[in-house]
Amino acid sequence: MTHELREGRPREAEWEETILSKQTNKQKDNIMQKPKLVYSTFIRTTPKKLWDAITEPKFTRQYWGGFANASDWKKGSEWKHLNPDKEVWITGRVLECKAPKRLVLSWADPDKLAEKSRVTFEIEQIEDMTCLTVTHDNLKPGSRMHRGVSWGWPRVISSMKTFLETGKGLNIFAGR
Amino acid sequence: MEKSEFVYVTYIRTTPEKLWQALTDVKFMKQYWFGVQCHCDWKAGSSWKLVYDDGRVADIGEVVEVDPPRRLVIKWRNEWKPELKAEGHSRCTFDLEPWTGAVKLTVTHVIDRAQSKFIEAVSGGWPKVLSNLKSLLESGTVALTEMYKSNDARTQGGQAAGS
């Protein structure tokens with residue numbers, strides 16, 4: 001998704017609008033200040049495998065358009081979202097890390113460090129499968145980051161599910 | 001006008017034709033829709049109904065638009081819970097767009113009222129149904145077999161045993 005952000009061609013505004021209208025219903029007072037995206041999916045895998053898919057570059061590269069998430073995943077540590085050439089596209093700190101259940105990251109474009117948002121991954125085991133909920137909040141409304149992640153999360157998470165269930169992710173930047 | 005809306009976007013490794021079939025073949029639907037039976041002939045203006053496997057009617061409505069394999073619109077009202085039925089008709093749109101090696105499916109469910117309990121309910125249901133649909137088309141097996149068990153597990157902390 002960061003690929004899309006940099007190239008400045010965000011599309012698929014419908015997702016963004018959905019979230020806005022959904023939030024408008026629930027949190028009329030603060031939605032315009034703090035947009036929030038929530039995306040849940042159910043994956044036939046274990047919490048441990050799902051956790052590793054998010055935090056281990058050798059897995060992430062297979063479904064996230066060749067990108068990797070690099071960190072020692074300790075609270076307070078830096079984390080980086082790296083493209084295949086190891087350039088930093090997103091950076092932030094590990095705010096919470098409870099493997100394999102909850103990971104909270106601050107999230108910023110390295111050229112706009114003051115504009116920080118937050119991503120929370122919540123992983124729940126439900127019998128023999130796993131529910132992943134990604135919440136991206138503290139976004140600046142209408143910003144390029146807001147548009148980019150609105151476009152990106154459904155695509156990245158769809159690809160992650162495909163990767164975990166079939167061994168091969170989707171080509172998330174195909175045809176763009 | 002005030003409205004409540006839920007939109008879910010998912011990308012599925014399949015073709016628009018196969019996805020269309022998966023959305024309209026009532027035998028196939030049962031496999032990913034937790035045993036729910038759909039009664040419909042998929043013509044614009046025809047009646048549409050979802051029935052639980054024990055015979056209770058879950059939802060009723062009619063087909064508004066059929067444009068295979070691109071767009072399906074259903075006028076949809078809950079029949080099962082009085083407080084949801086009282087909210088009246090909603091509109092559910094399935095948009096299918098081809099995408100390299102896959103299909104982008106957007107499900108938009110909207111009702112003309114603010115803070116709709118019906119839309120809140122479907123917001124919990126769609127991720128399960130669509131996760132199952134994606135799994136079934138991509139791997140031949142569904143991810144979830146029971147729609148409500150997972151909710152119970154969550155509220156009761158039943159998932160704590162696993163890690």
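Letters go in sequence order (proteins before strands), and every chain restarts at 1.
Between B/Arg13 atom CZ and A/Glu165 atom CD the span is 11.5 Å, to the nearest 0.5 Å. Between B/Glu138 atom CD and A/Arg44 atom CZ the span is 10.0 Å, to the nearest 0.5 Å. Here the CG-OG distance, from A/Leu132 to B/Ser131, works out to 9.5 Å after rounding to the nearest 0.5 Å.
Residue A/Lys168 touches chain B through both its backbone and its side chain, counting heavy-atom pairs closer than 4.5 Å. Of the atoms belonging to A/Thr162, heavy atoms from both backbone and side chain fall under 4.5 Å from chain B.
Side-chain N or O atoms of A/Tyr39 include one that pairs as donor or acceptor with a backbone N or O of B/Val9 at under 3.5 Å. In terms of modelled atom types and a separation under 3.5 Å, the side chain of B/Lys134 and the main chain of A/Ser158 share a donor-acceptor contact.
Note: the hydrophobic cluster containing B/Val73 does not contain B/Ile119 (ILVMFWY, side chain heavy atoms under 4.5 Å, direct or indirect links). Residues B/Phe94 and B/Val36 are members of one and the same hydrophobic cluster, defined by side-chain heavy-atom contacts under 4.5 angstrom among Ile, Leu, Val, Met, Phe, Trp and Tyr. Under a hydrophobic clustering in which Ile, Leu, Val, Met, Phe, Trp and Tyr are joined whenever their side-chain heavy atoms come within less than 4.5 Å, directly or via other members, B/Leu72 and B/Trp126 fall into the same cluster. Under a hydrophobic-cluster definition in which Ile, Leu, Val, Met, Phe, Trp and Tyr are linked whenever side-chain heavy atoms come within less than 4.5 Å, directly or via other members, B/Ile12 and B/Leu136 are assigned to the same cluster. Note on B/Trp42 and B/Leu133: same hydrophobic cluster, where clusters join Ile, Leu, Val, Met, Phe, Trp and Tyr whose side-chain heavy atoms are under 4.5 Å apart, directly or indirectly.
Using a 4.5 Å heavy-atom threshold, the side chains of A/Thr41 and B/Tyr8 count as touching. Two residues are said to be in side-chain contact when any heavy atoms from C-beta on lie closer than 4.5 Å; B/Trp99 and A/Leu170 meet this criterion. Under the 4.5 Å side-chain criterion, counting only non-hydrogen atoms from C-beta, A/Pro154 is in contact with B/Tyr11.
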Trace of the side-chain contact (heavy atoms from CB on, under 4.5 Å) decision for B/Thr10 with A/Lys161: CA-CA 10 Å; B/Thr10 185; A/Lys161 175 173 161 75; over 6 Å; no
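Enclosure of atom CZ in B/Arg77 by more than 12 non-hydrogen atoms of other residues, nucleotides or ligands within 6.0 angstrom is indicated.
Contact record, B/Pro127 with A/Ser40: CB-O, 3.7 Å, taken as the closest heavy-atom pair.
Here A/Leu95 sits in one hydrophobic cluster together with A/Val104; the rule is ILVMFWY side chains under 4.5 Å apart, joined directly or through other members.
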